[in-house]
Amino acid sequence: MIVLGIESSCDETGVALYDSHRGLLAHEIHSQIDLHALYGGVVPELASRDHIRRLVPLTQQILHKAGLNRHDIQGVAFTAGPGLAGALMTGSLMARSLAYSLGCPAIGVHHMEGHLLAPMLEPETPDFPFVCLLVSGGHTLLVRVDAIGQYRVLGESIDDAAGEAFDKTAKVLGLPYPGGPHLAKLAQKGDPQAIKLPRPMLNRPGLDFSFSGLKTAAITELRATPPPASEDLAASFEAAVVDTLLAKCKRALQQEQLATLVISGGVGANQRLRKQADDMCEALGGRAFYPRLEFCTDNGAMIALVGALRLAENEQSALELSIRPRWSLDELKQPGSH
Ligand code: KG4
Ligand code: ZN
């Protein structure tokens, strides 16, 4: 089955064609970063308008790349939530209209399920069950994944998401938006032990995170006189976030008696996080898996993949335009079960 996947929940327009036999056929991502950079954050109305502009040409491009035409599409998957309501509407409307005109099924996909299963787009895939750390600009979640659609949220951030903390600290460092990758680059030149920063919530039981205090501590250090070297602050901040994330990952793996860890979401592109996660999993006798860098951030491929897996079980969404701007992962079911 050839499935078109459409991602439009935030500031990336992603489209992809996934074949249940041959795997990923083609994909394109258009990032709206430049559009929102002026405002220092995503402007929902501008995001929706840009998705509308991009969706049809990008879909034509991937069809061309894959040597297919639209009549080869046998199912359309779209991100139904969570995300910005207007932005979700654009993808949903496009998916619904296309599926209707082609006479094929459409299916609304949970954005986070896409991130959880994104490593399955790679040649070597993790076996179930595993623990997934989903770290993006909007979410910091630890999830136990037993099967497709069988998820249990083990812990989450009680305030800022890890990516949000990266971005806010980067902004104070004067780095461009979104600051996470810029801060990580600067950190490579600094000393991660130069400035003592807290590792929040480690002395408490449980698997929740909190990054707001750490961000404030870093910003307070920056405003001291004389201020620390920005490379050292960046390196010390990155080390504190990574240590905190991985201490909870280790706790989750031990609690669940598992040794396979998946790290997904935008912050999953962080090289320090990847290196330390590899070392930690190796020490536990297990292994860490990641999607390729371009599939750590939002993309259509992960949505097409989930759509193909669920459509294969005859699951599809009702005809009305259904989006879920707020939608918990715990509410999902295994494909085919109603
Ligand atoms: O998953 P994503 O593209 O979007 C959502 O938030 O859904 O994640 C974007 C987040 C941003 O906060 C960005 O600064 C962060 O991921 N990020 C990074 C790195 N690359 C992206 N944070 C730290 N280190 C990186 N290398
Ligand atoms: Zn995302």
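Ligands are counted one by one from 1 in listed order, and the atoms in each one are counted from 1 as well.
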Please list, in number order, the atoms of ligand 1 under 4.0 Å from a heavy atom of Gly138.
6 (O)
Sorted by chain and residue number, the ring-ring contact (aromatic ring centres under 6.0 Å, His included) partners of Tyr151 (sequence neighbours excluded) come out as none
What do you reckon, does Cys10 put a non-hydrogen atom under 4.0 Å from ligand 1?
no
Geometric N/O contact Gly137 with ligand 1, under 3.5 angstrom
yes
Please report the C-alpha distance between Leu202 and Lys248 in whole Å, then the side-chain angles of each, then the deciding distance to 0.1 Å, and finally whether the side chain to side chain contact (heavy atoms under 4.5 Å, CB included) criterion is met.
CA-CA 8 Å; Leu202 290 195; Lys248 292 289 165 87; 3.9 Å; yes
Trace of the side chain to side chain contact (heavy atoms under 4.5 Å, CB included) decision for Leu245 with Thr140:
CA-CA 9 Å; Leu245 288 172; Thr140 304; 3.9 Å; yes
Partners meeting ring-ring contact (aromatic ring centres under 6.0 Å, His included) with Phe78 (sequence neighbours left out):
none
At under 4.0 Å between heavy atoms, what of Asn270 touches ligand 1? The answer is both
Electrostatic pair Lys275:Asp279 at N-O distance under 4.0 angstrom:
yes
Distance filter under 2.8 Å, centred on the Zn ion (ligand 2) - protein N, O or S atoms that pass it
His111 NE2, His115 NE2, Asp298 OD1
Ligand 1 to Gly163, heavy atom cutoff 4.0 Å, flagged ligand atoms 12 (O)
Can you name the atoms of ligand 1, numbered from 1 with element, that are less than 4.0 Å from a heavy atom of Val267?
15 (C), 16 (O), 18 (C), 22 (N)
State whether a side-chain donor-acceptor pair under 3.5 Å links Glu7 with His111.
yes
With sequence neighbours excluded, give me every ring pair (Phe, Tyr, Trp, His ring centres under 6.0 Å) pair touching residues 16-66.
His27-Phe295
Same cluster or not: Leu141 versus Phe209, using hydrophobic residues (I, L, V, M, F, W, Y) connected whenever any side-chain heavy atoms lie under 4.5 Å apart?
no
Tell me the protein heavy atom at minimum distance from atom 22 (N) of ligand 1, and give that distance in Å.
Gly180 CA, 3.7 Å
Residue selection (non-hydrogen contact nearest atom 14 (O) of ligand 1) among Asp167, Leu134, Ile29:
Asp167
Is a side-chain donor-acceptor pair under 3.5 Å present for Asp159 with Ser210?
yes
Below 3.5 angstrom, do we get any N/O pair linking Thr297 and ligand 1?
no
Where do Gly108 and Trp327 come nearest, in terms of heavy atoms and distance?
O-CH2, 4.4 Å
Give yes or no for whether the N/O distance cutoff of 3.5 Å, strictly under, is met between Gly266 and ligand 1.
yes
Counting only nitrogen or oxygen atoms and a 3.5 angstrom limit, does Ala184 reach ligand 1?
no
What do the steps show when you test Asn299 against Glu12 for side chain to side chain contact (heavy atoms under 4.5 Å, CB included), and what is the final call?
CA-CA 7 Å; Asn299 64 85; Glu12 260 108 22; over 6 Å; no
